[in-house]
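Here is the naming used below: chain letters follow the sequence lines, and residue numbers restart at 1 for every chain.
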Protein chains: 2
Amino acid sequence: MEHRIEQIKKQLHAQSYKLTPQREATVRVLLEREEDHLSAEDVYLLVKEKSPEIGLATVYRTLELLSELKIVDKINFGDGVSRYDLRKEGAKHFHHHLVCIECGSVEEIVNDLLEDVERIVQNDWGFEVKDHRLTFHGICKQCQQSAVKAN
Amino acid sequence: MEHRIEQIKKQLHAQSYKLTPQREATVRVLLEREEDHLSAEDVYLLVKEKSPEIGLATVYRTLELLSELKIVDKINFGDGVSRYDLRKEGAKHFHHHLVCIECGSVEEIVNDLLEDVERIVQNDWGFEVKDHRLTFHGICKQCQQSAVKAN
DNA sequence: TCTTTTAATTATAATAATTATAAAATAGTA
DNA sequence: TACTATTTTATAATTATTATAATTAAAAGA
C-alpha cells in the first residue's frame with residue numbers, strides 16, 4: 001500500500017502536482033476498496049469517515065486529476081453516475097467488466113482478451129488503439145445457479 | 001425507411017405500446033441520422049424542427065422506451081451525456097465504436113469481433129453473455145495522416 | 001357512434017450529478 | 001521566514017434527467 005502511494009506521489013510530482021493530505025486520503029480509499037467501483041459520492045463518504053473536513057468538490061477534482069494521469073479509470077455502467085476504478089499496477093490497458101443484469105454485481109477481468117481484436121482494428125480500420133472499454137452484460141454464475149434451483 | 005418504421009411499430013405493438021406521432025417523429029430522426037450518436041437534447045432539437053410542439057420529457061421517455069425494447073442502445077462516451085444509437089436491423093449485439101481522442105470523431109464497427117472473447121468469458125468465468133459494450137480510444141486514420149504532414 | 005378506460009403528452013417542477021467561483025489556507029521554494 | 005503558486009473550502013450555478021399533475025388522444029366496449 002505505502003509503496004503504491006509513493007508511486008502515485010511520484011507520478012503527481014512528475015507533472016508538478018502535489019500529493020496533498022486530501023488527495024492522499026482519496027487515494028487511500030481507492031486502494032482500500034480496489035475491487036469496488038465507487039462513485040464520486042461513495043468515495044466522498046468514505047474519505048469523510050477519516051478526514052471529515054474534506055469537501056465533495058475536492059474529491060471530484062482529485063478523481064478528475066487521477067483520471068487524467070491514468071491512475072484511475074472513469075467508467076459508466078449506464079446508471080447515471082461515473083465510477084472510478086484504480087488501474088492495476090503497471091497495466092497498459094483498462095481491465096474489463098462483467099456486469100450482471102440480474103443482481104447488478106460487477107466482476108473484473110484483468111487478462112487482456114483484446115490483443116487479437118486490437119490487431120484487427122489497427123490493420124483493417126487504420127485506427128491506432130490507445131485504450132479500450134469492454135463491458136459484458138449478462139448473467140453471473142451465482143444468478144445462473146439460483147435460477148436453476150428456483151425451478 | 002418506411003419498412004423500418006413499420007417494423008418498429010410492430011415491435012412496440014407486440015409489447016402493447018403505441019407508435020404515437022411523437023414517437024414516430026423521434027424514430028424518424030434516429031433513422032435519418034443513423035450514423036450519428038445523438039444525445040437526448042440533440043434528438044429533441046431535431047424532432048422540434050418538424051414537430052415543434054414536442055416536449056423534451058417525451059423525447060427522453062421515448063428514447064428510454066426504445067432502449068428497453070433494444071431498438072436503440074444507450075451509450076456513454078464519458079462526456080456526461082447519454083447518447084442513443086439505433087441497433088442495426090436484426091443485430092443481436094451492439095456494434096462497437098472507435099473514438100478518436102484527437103478530433104472526437106466516432107466511427108462504428110458493425111462486425112462482431114468478440115465471438116472468441118465471449119466464448120472465453122462464458123467458459124472460463126461461467127458468465128452468460130447477453131450483450132456487450134466495446135469502445136476503443138485512440139487516433140483515427142485522418143488524425144494520423146495530419147500528424148505525419150505536420151512534421 | 002358514444003362513452004369509458006387507459007395510455008401518452010405537456011408544461012412544469014424537482015432532483016441528482018457535476019462544475020465553477022471567490023476567498024482562505026497550504027505547500028514547496030527562494 | 002516570506003513569497004508565490006496551488007489547492008481547498010464553502011457555496012452557488014449549471015446541466016442532465018426524472019417526476020408530477022393536468023390535459024389530451026387513442027383504443028375498447030356498449
Side-chain angles (χ1 to χ4, degrees), chain A residues 5-6 8-29 37-48 50-69 71-85, chain B residues 8-29 37-48 50-69 71-85:
Chain A
I5 299 262
E6 268 310 307
I8 288 167
K9 187 171 182 175
K10 276 181 200 149
Q11 286 180 265
L12 285 167
H13 283 169
Q15 316 272 334
S16 55
Y17 291 114
K18 302 165 190 170
L19 183 65
T20 63
Q22 290 90 338
R23 285 177 181 165
E24 183 173 334
T26 304
V27 169
R28 280 183 190 279
V29 163
H37 301 85
L38 304 170
S39 67
E41 185 87 29
D42 294 337
V43 174
Y44 169 64
L45 292 173
L46 288 165
V47 173
K48 232 172 139 61
K50 291 177 183 165
S51 317
E53 70 292 348
I54 201 167
L56 178 57
T58 301
V59 171
Y60 268 102
R61 258 179 287 112
T62 301
L63 291 172
E64 195 55 44
L65 176 63
L66 294 173
S67 195
E68 271 167 36
L69 298 183
I71 294 166
V72 308
D73 283 297
K74 194 173 172 179
I75 22 167
N76 199 299
F77 292 132
D79 59 350
V81 275
S82 295
R83 297 178 179 280
Y84 298 85
D85 211 356
Chain B
I8 288 168
K9 188 172 181 175
K10 276 181 200 150
Q11 285 182 265
L12 285 168
H13 283 168
Q15 315 273 332
S16 57
Y17 291 114
K18 304 164 190 170
L19 185 65
T20 64
Q22 292 88 341
R23 284 177 184 166
E24 184 173 335
T26 305
V27 169
R28 280 185 190 279
V29 163
H37 299 86
L38 304 171
S39 67
E41 184 87 29
D42 295 337
V43 173
Y44 170 65
L45 292 173
L46 288 165
V47 173
K48 232 174 138 62
K50 291 177 184 166
S51 318
E53 70 292 348
I54 200 166
L56 178 57
T58 301
V59 172
Y60 267 102
R61 257 180 287 112
T62 301
L63 292 171
E64 195 54 42
L65 177 62
L66 295 173
S67 194
E68 270 167 34
L69 299 183
I71 295 166
V72 309
D73 282 297
K74 193 172 172 181
I75 22 166
N76 199 300
F77 292 133
D79 59 351
V81 275
S82 295
R83 296 176 180 281
Y84 298 85
D85 211 355

For [X] and [N], what is the distance between atoms [atom1] and [atom2] respectively, to the nearest whole Å?
| X | N | atom1 | atom2 | value |
| --- | --- | --- | --- | --- |
| B/Arg23 | D/dT24 | CZ | C1' | 14 Å |
| A/Leu66 | D/dT7 | CG | P | 12 Å |
| A/Glu64 | C/dT19 | CD | P | 6 Å |
| B/Glu53 | D/dA25 | CD | P | 11 Å |
| A/Tyr17 | D/dA5 | OH | P | 16 Å |
| B/Asp79 | D/dT14 | CG | P | 20 Å |
| A/Leu12 | D/dT7 | CG | C1' | 13 Å |
| B/Leu56 | C/dT15 | CG | P | 18 Å |

Verify the neighbour count for atom CZ of B/Phe77: are there more than 12 heavy atoms of other residues, nucleotides or ligands below 6.0 Å? yes
Evaluate whether atom NZ of B/Lys9 has more than 12 neighbouring non-hydrogen atoms of other residues, nucleotides or ligands under 6.0 angstrom away. no
Picking from [options], which would you name as closest to the side chain of [X]?
| X | options | value |
| --- | --- | --- |
| A/Tyr60 | D/dA16, D/dT9, C/dT18 | C/dT18 |
| B/Ala57 | C/dT10, D/dT9, C/dT18 | C/dT10 |
| B/Lys18 | D/dT9, C/dT10, D/dA27 | D/dA27 |
| A/Gln22 | D/dA16, D/dT9, C/dT10 | D/dT9 |
| A/Arg61 | D/dT9, C/dT10, D/dT7 | D/dT9 |

Using a heavy-atom cut-off of under 4.0 Å over every strand shown, decide if [X] touches base, sugar-phosphate, or nothing.
| X | result |
| --- | --- |
| A/Glu41 | nothing |
| A/Ser82 | sugar-phosphate |
| A/Thr20 | sugar-phosphate |

From A/Val29, A/Val27, A/Leu56, residue fulfilling side-chain contact (heavy atoms from CB on, under 4.5 Å) relative to A/Val47: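 One option only clears the test, and that one is A/Val29.
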Looking only at heavy atoms, which two atoms of B/Asp42 and B/His37 are closest? And how far apart? OD2-O, 4.5 Å
Is there a side-chain contact between B/Glu64 and B/Lys74, using heavy atoms and a 4.5 Å cut-off? yes
